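To start, I am sharing the structure in question, which I have written as structure tokens.
Start at 1 and go down the list; that is how both ligands and their atoms are numbered. These numbers come from a predicted model, not from an experiment. The figures that follow rest on heavy atoms only: side chains count, while hydrogens, waters and symmetry mates do not.
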Amino acid sequence: MAIQKPSNGVANGAPASAPAQPAELDASKVTITLAKELKAIPPATELKFGQVMSDHMMTVSYDPLNGWSAPEIKPYGPLSLDPASSCFQYATNVFEGMKAYIGPDGKARLFRPNKNMDRMTMSAGRVALPPFDTAELLKLIRRLVAIEQRWIPTQKGHSLYIRPTIIGTRSSLGVAASDHAMLYVICSPTGPYFASGARPVALLGIGESVRSWPGGTGGYKLALNYAPTFKPQQYAAKLGYDQCLWLLGDKITEAGAMNFFVVVRRTDGDLDVYTPPLDGTILPGVTRDSILALASAHPSRTLLPGLPETLRLHTTERELTMTELNTWAQNGSLLEAFGVGTAVIVAAVGRIGHEGKDINLPTYEGGLGPVGRALYDRISDIQEGKFEWEDWSVVCE
Ligand SMILES: *Cc1c(COP(=O)(O)O)cnc(C)c1O
């Protein structure tokens, strides 16, 4: 049997042509190989979240000597990785979630993509993966989305979900930072996140298993935050709840993989819109930020659909506790609760179980209450290019 020599050109140390400076991520170096055969796109009504992948993906890799390689857009397919890779052994995995929509002009659009790019470098930095030029990555994503445009469903509530991912590929079992990495982007056409559609979700308050803790990693989109949530999630499902409401003692942090909001009636007739502050235990959601901005803009800078001009929404980032939720529910001031995130946009919460009892939220036709509905409608209109707001909608060409 012939013994194969390693084919990476490295013999006794560095290759002769080692660059003086590791290369930055550079979108202009992209090579594009289109799939010979394109897949059939399933009907929009049959799409379940994240199950079908589009025809192409983008990959680029990093090594400490050469820096970032020339990016490739190529047919979607398996990756070949060393089983000792850091990502498999020590969970050096970071991901992002964003969506592309088709506007009335037929052009594909991304929603506030710079926020995802910034968060991705923050997350990568938290697990000591190499930094990358976020503007270049965004150029590559726009290019990929433009190539995959036929995969963007045009039905309301549908979009192309985009999953940028960066993984540590150092092949060594030594417990240390990964100095090699691979960054890739895959796309999946999606319909509404919850199979139930607009049905309000039931949350089970969970305090025995915690999703995040002070000084931990809950504020970063790291894969390692999610694996420990699946068992509590199965437990909640067994008891008839859709998602966990993650608690730290009495304190509410998030709902499933969504940021959590409540709407509380004030004595002066205005409404308070509360969400927990970004204290490191909360994922800094793009949807969360958008909701705070839009709710604060009503009615002075914009009128949210369906809400009276006389209504003021007082948005506050502040600690929320189960004790307060119970008090508000009992005195009738708890009007709405919802979870927010890219996948769902805004999901109504109908019921919250805690310590053997349920808090039942008021019910509304169509699921969402007036504030949740107004925010859902406005955000989806901005995403779909039907309403212009600041620089939130970015066209892909
Ligand atoms: C991704 C995510 C969110 C939502 O963030 P968006 O940027 O709005 O999609 C909220 N909580 C957790 C835990 C998440 O992973």
Side-chain angles (χ1 to χ4, degrees), residues 49-50 91 93-101 110-124 126-127 134 138 141 157 159-166 185 187-188 190 192-194 201 203 206 209-213 216-230 232-233 236 242-248 251-262 275-295 315 317 320 337-347 349 372 375-376 378-380 382-383 392-394:
F49 180 79
N93 301 328
V94 167
F95 68 97
E96 267 305 324
M98 50 210 291
K99 281 175 169 176
Y101 310 80
L110 294 167
F111 181 68
R112 308 188 74 187
N114 291 317
K115 297 202 74 79
N116 297 93
M117 298 298 97
D118 292 347
R119 189 170 65 190
M120 192 168 174
T121 38
M122 295 291 291
S123 302
R126 184 67 179 80
V127 288
T134 55
L138 184 51
I141 291 175
S159 57
L160 185 66
Y161 184 81
I162 303 161
R163 175 56 67 95
T165 309
I166 177 167
V185 183
C187 306
S188 171
T190 80
Y193 188 79
F194 289 110
V201 298
L203 303 177
I206 299 262
S209 303
V210 294
R211 192 196 89 85
S212 60
W213 51 88
T217 55
Y220 302 89
K221 234 169 160 67
L222 302 178
L224 56 83
N225 288 333
Y226 300 86
T229 66
F230 300 146
Q233 165 65 34
D242 300 292
Q243 298 276 320
C244 298
L245 182 64
W246 301 109
L247 306 177
L248 263 180
K251 217 169 83 171
I252 296 168
T253 62
E254 297 197 51
M258 302 179 286
N259 292 120
F260 183 72
F261 281 79
V262 289
T275 193
L278 299 179
D279 63 359
T281 66
I282 309 287
L283 198 284
V286 178
T287 319
R288 175 188 179 279
D289 185 80
S290 307
I291 283 186
L292 287 171
L294 289 171
T315 55
E317 296 170 73
L320 289 174
F338 41 85
V340 313
T342 295
V344 293
I345 309 182
V346 183
V349 174
L375 289 162
Y376 178 93
R378 176 54 55 85
I379 290 179
S380 39
I382 298 170
Q383 290 172 333
W392 285 11
S393 188
V394 173

>> Is it the case that the side chain of Arg378 and the backbone of Leu294 share a donor-acceptor pair, with hydrogens and angles ignored and the cut-off at 3.5 Å?
In response: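 Here the side-chain-to-backbone pair does not exist.
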>> Do Tyr161 and Arg163 pair up side chain to side chain, a donor and an acceptor below 3.5 Å, judged on atom types alone?
In response: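 Checked: Tyr161/Arg163 side chains pair up, N/O donor to acceptor below 3.5 Å.
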> Got a second to check how far Thr287's OG1 is from Lys99's NZ, nearest 0.5 Å?
Replying inline: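 The distance works out to 8.5 Å.
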>> Taking ring pair (Phe, Tyr, Trp, His ring centres under 6.0 Å) as the definition, give me every residue that meets it alongside Tyr220, ordered by chain and number, with sequence neighbours left out.
In response: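 With sequence neighbours excluded, Tyr220 shows a ring pair (Phe, Tyr, Trp, His ring centres under 6.0 Å) to no residue whatsoever.
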> Can you name the residues that form a ring pair (Phe, Tyr, Trp, His ring centres under 6.0 Å) with Phe111, not counting sequence neighbours?
Replying inline: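 With sequence neighbours excluded, Phe111 shows a ring pair (Phe, Tyr, Trp, His ring centres under 6.0 Å) to Trp392, given in chain and number order.
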Table of N or O contacts for ligand 1, cutoff 3.5 Å:
| from | atom 1 | to | atom 2 | distance (Å) |
| --- | --- | --- | --- | --- |
| ligand 1 | 7 (O) | Arg119 | NH1 | 2.8 |
| ligand 1 | 7 (O) | Arg119 | NH2 | 3.1 |
| ligand 1 | 7 (O) | Val286 | N | 2.7 |
| ligand 1 | 8 (O) | Val286 | N | 3.2 |
| ligand 1 | 8 (O) | Thr287 | N | 2.9 |
| ligand 1 | 8 (O) | Thr287 | OG1 | 2.6 |
| ligand 1 | 9 (O) | Thr342 | N | 2.9 |
| ligand 1 | 9 (O) | Thr342 | OG1 | 2.6 |
| ligand 1 | 11 (N) | Glu254 | OE1 | 2.5 |
| ligand 1 | 11 (N) | Ala257 | O | 3.4 |
| ligand 1 | 15 (O) | Lys221 | NZ | 2.7 |
| ligand 1 | 15 (O) | Tyr226 | OH | 2.4 |

>> Test: salt bridge (charged side-chain N to carboxylate O under 4.0 Å, His left out). Region: residues 220-229. Which pairs qualify, not counting sequence neighbours?
In response: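 Qualifying pairs, neighbours excluded: none.
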